[in-house]
There are 4 protein chains.
Amino acid sequence: MQCRSRSARTGRPRSAAADAAILAATRTALVELGWSKLTLGYVATLAGVAKTTLYRRWAGKNELVVDAVAELFDELELPDRGSLAADIEGVVLQFAAILDRPEAKTALMAVVAESTRDEPLRERIRTSIVDRQKRLVLEGRARAQARGELPPESDPADADRTAALIFDVVAGAVVHRTLVSAEPADEEWVRSFTRILLVGLTGAAADAAQ
Amino acid sequence: MQCRSRSARTGRPRSAAADAAILAATRTALVELGWSKLTLGYVATLAGVAKTTLYRRWAGKNELVVDAVAELFDELELPDRGSLAADIEGVVLQFAAILDRPEAKTALMAVVAESTRDEPLRERIRTSIVDRQKRLVLEGRARAQARGELPPESDPADADRTAALIFDVVAGAVVHRTLVSAEPADEEWVRSFTRILLVGLTGAAADAAQ
Amino acid sequence: MQCRSRSARTGRPRSAAADAAILAATRTALVELGWSKLTLGYVATLAGVAKTTLYRRWAGKNELVVDAVAELFDELELPDRGSLAADIEGVVLQFAAILDRPEAKTALMAVVAESTRDEPLRERIRTSIVDRQKRLVLEGRARAQARGELPPESDPADADRTAALIFDVVAGAVVHRTLVSAEPADEEWVRSFTRILLVGLTGAAADAAQ
Amino acid sequence: MQCRSRSARTGRPRSAAADAAILAATRTALVELGWSKLTLGYVATLAGVAKTTLYRRWAGKNELVVDAVAELFDELELPDRGSLAADIEGVVLQFAAILDRPEAKTALMAVVAESTRDEPLRERIRTSIVDRQKRLVLEGRARAQARGELPPESDPADADRTAALIFDVVAGAVVHRTLVSAEPADEEWVRSFTRILLVGLTGAAADAAQ
DNA sequence: AGATAACCGAGACGGTACGTCATGTCTTGGA
DNA sequence: TCCAAGACATGACGTACCGTCTCGGTTATCT
């Protein structure tokens, strides 16, 4: 998350409480102000911390917000719900629930937009947020294959490509539904979406197997 | 785009040339600086126009950028390529090509992020950009139904829901692939995506028809 | 006051009412806003006149304000009150009454300040305002000499110098009392001032005559 | 000159050098541009200081200019020249010399004009500038009374009124001569003025004593 | 125990951009 | 030719944040 240049041993150590306070304050400020009106000075005030302390640990607004939002994605998990359909529905609902929070809504697209011109930021988003979701796709597929709902992959490269595609479809659809269409990704929508995705996946896999 | 409250007849009329110059300058500035570092002052300078002229016509950066980017979507169209698969591939490739431009890349997600806290802005995005794409989904489906590739819809409300779902899936997937995964939505990817979508659509429609 | 460049014959003649309205509006605006916050746009609005009309007749704020304030000094006159002392007291009270008006208070020193860097403006002030007062000094002295209260001047150049000196003392004292000390130039003050001035004048004249 | 509300101990202290640089830059800018065209931004640039630093210490242009000009009056003093006449001539010449500087010329009347609508500003002018001169009147009178040139005052209230009157006459005459009449307050003029004033003062005092 | 070193709060600093306002000019349609 | 209306280029306004810096003071670990 952040590192000090040298000699982490001597001198007063950084306050651990400050980190948590700052990230929480960032989320609060995101809810209050949105991304574009959020200022580091206000975050510092909210956290009861000097601006200097903030800059000592994060390079800027983008990095701070990524870290603050990334914590929201820690709760994502994939309990075995017995079928691929149920697993997909479950994780999509979880993801939609996170996106429904105002701090995530306003921040996620903003940092993605920033990342189009900032490679390190994109990398940070990838490791902090995106990969956390991608993992679920891989787990879900492995589980479905173990259940026999999906055939095992023959070509590993093709398997990676397919996983990436599924991920883009799932995450993209939920994000678009939530932020652009601004409609709730509720159970009915998720069920419709899952049906199409599932039919598409199994059907396309069957085609490919022929 | 903009309107004057009253008495459109009196006084010096607004320069039509200025509008075009400003929108073009906005796109140039987006390429040069990205969304977050774009300055209305700089846009005005680029356009050879006073800052006040800019503020007289747009409420702020967001509105201006939406209008500037919206023009990019004017080129979207849906020529009959003979099959539903070809139609989908064609329009997805067009959409991906627009998203690949740096001015669209940096601006689109940014204004969507802003729109999460600004209802009028969301409405503006919807009418200027989103509906332009949504129309293609409706046309494509109608054409596919005429060809017999898709069954006619019985329930109009259900038809609307399905169209919205398809739209979220298509647009969301392309956007996510391009901006979040930061991988090109090239022909191979589009073909894979189209296959899954198509199988899903026809299969799900067949399920529903049973 | 203002002049048109050429051919005062052809085309629509300038509205005479507009001039009066503008000057009155200027005084109103001076009272409302003071000199530094007065804007020509606001004067135009108050006068029910277009800004263009205003600029067609005056070169700028300073010139307009001088003309607007100069009208206040039209009322200055020197009725024969029977003695030099009474004449002086009378004119000083008149002058103090004008300076007590808020539009004169705020405007007079402001244009004088501007005139320190604007020779044409100083000339305009002199002819429009200052000479109007100076004349009274000359009239008063002539009348006092006719009454025998003051000896006739032998050297005309010396007479001019003395008149200028008296004028500076009288006008300066009243202005300073009113604007800098911000105390009223009431009858008591005027009487004290007049006594000193009168003693000084007659005594100094007697000294010089020795 | 300026003060901080509380806790003068914490945080980075204000730069003392900045104050001096800003006031000097203000005087330079006054000479270059005059009062009405003086810009706080330009003063900041001249002083090599950020605009915010300037606004942190002064409320606006008026307050800044008063402080900048007030420093000019620090040099006023009243050495004993042996007689009341010589003392008056000496101080009037000093005062006239200050008023002859372009920065004082353009600024003094301007801030007085502003002060007609701004009570705190008037107070600031009084304490920073006017009282500095007024003191000289009191000293001069005390010295003249010690010398026996003027009778001692019996009524203190009357003494105050007379001092104020003398001050208005002296300062007003010099200012009017210099700024309105725009003639130099040279030795000849000062001698004539002093004679009238002196005769007036001693004569009127003698009248009152009768 | 004392020295050392990095931390902390507060807040001033030089900058940059903001969005607004006034200036003085211009361009309409109409009198 | 004048007028009211209002758009125009220009440039200053006073404010807000940025990211850096300097203070006095506070913990820690290392001598």
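Just so you know, these numbers use all the heavy atoms, side chains as well, and skip hydrogens, waters and symmetry mates. In what follows, chains are A, B, ... by sequence order, proteins preceding strands, each numbered from 1.
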Using distance only, find each side-chain donor-acceptor pair of residues 47-55 of chain C under 3.5 Å and give its atom names and separation, not counting sequence neighbours.
none

Degree of bending in the helix from E/dA1-F/dT31 to E/dA31-F/dT1 once both end axes are built from five pairs, to 10°: 20°
Approximate separation, where rounding is to 0.5 Å, of A/Lys105 NZ and B/Arg117 CZ: 11.0 Å
Euclidean distance, atom CG of residue C/Asn62 to atom C1' of E/dT23 [Å, nearest integer]: 13 Å
Protein-nucleotide distance (D/Arg57, atom CZ; E/dG11, atom P), rounded to Å: 15 Å
Out of F/dC3, E/dG11, E/dC8, whichever nucleotide has its closest atom nearest the side chain of C/Arg56: F/dC3
Along DNA chain E (nearest heavy atom to each residue), the more 5'-positioned of A/Val49 and C/Lys37: A/Val49
First encountered from the 5' end of DNA chain E, between D/Ser15 and A/Ser15: A/Ser15
Pairing residues for C/Arg122 by the side-chain hydrogen bond (donor to acceptor under 3.5 Å, both in side chains) criterion, not counting sequence neighbours: C/Glu119
Partners passing side-chain hydrogen bond (donor to acceptor under 3.5 Å, both in side chains) against A/Arg27 (at least two apart in sequence or in another chain): A/Glu71
Distance (rounded to the nearest 0.5 Å) between B/Asp19 CG and B/Arg57 CZ: 4.5 Å
Atom pair distance, as rounded to whole Å: CG in C/Leu33 and P in E/dC21: 14 Å
d(CG, B/Leu64; P, E/dC18) in whole Å: 11 Å
Nearest-Å distance for atom pair CG/C1', residues A/Asp19 and E/dC8: 14 Å
Partner of B/Leu108 under side chain to side chain contact (heavy atoms under 4.5 Å, CB included), chosen from B/Ile129, B/Ile125, B/Val65, B/Val66: B/Ile129
Residue pair C/Val112 / D/Met109: nearest heavy atoms and the distance that separates them: CG1-CG, 4.2 Å
Protein-nucleotides 18-20 of chain F N/O pairs under 3.5 Å:
{"residue": "F/dC18", "atom": "OP1", "partner": "A/Leu40", "partner atom": "N", "Å": "3.3"}
{"residue": "F/dC18", "atom": "OP2", "partner": "A/Leu40", "partner atom": "N", "Å": "3.3"}
{"residue": "F/dC18", "atom": "OP2", "partner": "A/Gly41", "partner atom": "N", "Å": "3.4"}
{"residue": "F/dG19", "atom": "OP2", "partner": "A/Tyr55", "partner atom": "OH", "Å": "2.6"}
{"residue": "F/dG19", "atom": "N7", "partner": "A/Lys51", "partner atom": "NZ", "Å": "3.2"}
{"residue": "F/dG19", "atom": "O6", "partner": "A/Lys51", "partner atom": "NZ", "Å": "2.9"}

Whole angstrom value for the distance that separates C1' of E/dG19 from CD of B/Glu63: 14 Å
B/Asp67 with B/Arg124: basic N within carboxylate O range, under 4.0 Å: yes
Please list, one pair per line, the donor and acceptor atoms closer than 3.5 Å that link side chains of residues 33-40 of chain B to other protein atoms, with sequence neighbours excluded.
{"residue": "B/Ser36", "atom": "OG", "partner": "A/Glu114", "partner atom": "OE1", "Å": "2.9"}
{"residue": "B/Ser36", "atom": "OG", "partner": "A/Glu114", "partner atom": "OE2", "Å": "3.2"}

Length of the line joining D/Arg14:CZ and F/dG24:C1', which is rounded to integer Å: 18 Å
